[in-house]
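One structure is given below, encoded as structure tokens.
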Amino acid sequence: MNHALFKPTAHVDTFARDGLPPFAQWPSLNLEAPYAYPDQLNAAVVLLDNAVREGHGNRTAIVARDMAGNWSKTTYGELQQHTDRIAHVLVRDLGFVTGNRVLLRGYNGMMLAAAWLAVLKAGGVAITTMPMLRATELQTVMQK
């Protein structure tokens with residue numbers, strides 16, 4: 001595609017981009033000010049790192065039940081630490097490159113949110129599924 005909206009990617013693995021529909025099938029996008037965004041944008045940095053940098057590290061980011069069913073709070077700073085550790089493991093230990101896809105499967109809690117943000121922070125594409133999916137349903141997702 002050679003359209004002005006289709007800017008160069010930082011992804012090494014371009015599978016997700018290569019699978020986009022033809023430009024004619026895209027919705028109308030208004031990327032003029034105030035909706036303009038930079039050529040490269042990392043949502044995890046914007047949502048998490050910027051909040052910590054702006055002094056909100058001690059504020060509550062997530063309230064969710066833990067594995068025991070008890071409510072727990074996680075601050076932006078704590079979430080950032082979890083996210084950074086997971087992102088480092090993906091890149092350093094697992095050979096993750098930008099654009100790779102990661103299938104995430106778990107209950108809606110702090111660690112799933114941290115894993116999702118870590119995939120984004122590492123430059124990847126998070127594919128999040130419900131824990132109730134059966135093996136045959138997961139197989140379909142993984143084949144795609």
Side-chain angles (χ1 to χ4, degrees), residues 1-21 23 25-135 137-138 140-144:
M1 287 184 219
N2 292 331
H3 189 274
L5 293 176
F6 214 67
K7 300 194 179 189
T9 181
H11 287 176
V12 173
D13 177 350
T14 60
F15 176 87
R17 178 179 227 178
D18 296 342
L20 289 173
F23 185 75
Q25 294 178 9
W26 286 23
S28 176
L29 301 173
N30 178 359
L31 300 177
E32 302 298 320
Y35 309 109
Y37 59 90
D39 286 346
Q40 291 185 0
L41 176 72
N42 188 304
V45 171
V46 172
L47 295 171
L48 184 57
D49 294 352
N50 288 358
V52 172
R53 188 176 309 110
E54 292 167 4
H56 303 292
N58 290 325
R59 293 186 65 191
T60 300
I62 295 176
V63 177
R65 291 192 186 270
D66 60 23
M67 293 294 289
N70 301 312
W71 288 102
S72 64
K73 293 181 181 182
T74 304
T75 66
Y76 281 95
E78 293 166 337
L79 183 59
Q80 182 185 46
Q81 290 174 2
H82 288 295
T83 297
D84 287 349
R85 282 195 292 269
I86 296 166
H88 280 104
V89 168
L90 286 170
V91 174
R92 183 188 61 226
D93 300 339
L94 300 176
F96 184 89
V97 297
T98 58
N100 280 169
R101 284 108 36 228
V102 177
L103 180 68
L104 299 173
R105 184 172 187 224
Y107 77 99
N108 291 334
M110 187 281 297
M111 285 307 293
L112 182 62
W116 188 84
L117 287 164
V119 172
L120 297 185
K121 186 174 268 194
V125 178
I127 313 298
T128 312
T129 65
M130 299 178 292
M132 68 178 82
L133 291 181
R134 296 177 297 238
E137 296 162 326
L138 280 174
T140 301
V141 172
M142 290 186 290
Q143 287 173 346
K144 288 185 179 195

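No side-chain donor-acceptor contact under 3.5 Å links T128 to the backbone of L104.
Each salt bridge (Lys or Arg N to Asp or Glu O under 4.0 Å) pair with one or both residues in residues 33-45, not counting sequence neighbours, appears once here: K7-D39. Annotation: salt bridge (Lys or Arg N to Asp or Glu O under 4.0 Å) contacts involving residues 61-73, sequence neighbours excluded, are absent. Contacts classified as salt bridge (Lys or Arg N to Asp or Glu O under 4.0 Å) and involving residues 98-119 (residues at least two apart or in different chains) are given here: D13-R101.
For D18, the side chain to side chain donor-acceptor pair (under 3.5 Å) criterion is met by T14, not counting sequence neighbours. Annotation: side chain to side chain donor-acceptor pair (under 3.5 Å) contacts of E137 (sequence neighbours excluded): R134. Every side chain to side chain donor-acceptor pair (under 3.5 Å) that H82 has, sequence neighbours left out, goes to R85. Evaluation of the side chain to side chain donor-acceptor pair (under 3.5 Å) rule for R53 yields N50 as partners, not counting sequence neighbours. Scanning for side chain to side chain contact (heavy atoms under 4.5 Å, CB included) contacts around Q25 gives P21, P22, with sequence neighbours left out.
Residues W71 and V63 share a closest heavy-atom pair of CE3-CG1, 3.9 Å. In this structure, V125 and A16 approach most closely via the heavy-atom pair CG2-CB, 4.1 Å.
The shortest distance between side-chain heavy atoms of L20 and W26 falls below 4.5 Å.
We find the NE2-OG1 distance between H88 and T83 to be 11.5 Å, quoted to the nearest 0.5 Å. For the atom pair H56 NE2 and L48 CG, the distance stands at 12.0 Å (nearest 0.5 Å). Of the inter-residue distances, the one linking H11 atom NE2 with N100 atom CG reads 9.5 Å to the nearest 0.5 angstrom. Annotation: the span from T129 atom OG1 to L103 atom CG amounts to 5.0 Å, rounded to 0.5 Å.
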Atom pairs and distances, donor-acceptor, side-chain atoms in residues 108-122, under 3.5 Å, two or more places apart:
unit_1 : atom_1 : unit_2 : atom_2 : d
K121   : NZ     : D49    : OD1    : 2.7
K121   : NZ     : D49    : OD2    : 2.9
K121   : NZ     : D84    : OD1    : 2.4

Solution key, residues 90-98 side-chain donor-acceptor pairs under 3.5 Å, sequence neighbours excluded:
unit_1 : atom_1 : unit_2 : atom_2 : d
T98    : OG1    : A10    : O      : 2.9
T98    : OG1    : V12    : N      : 2.8

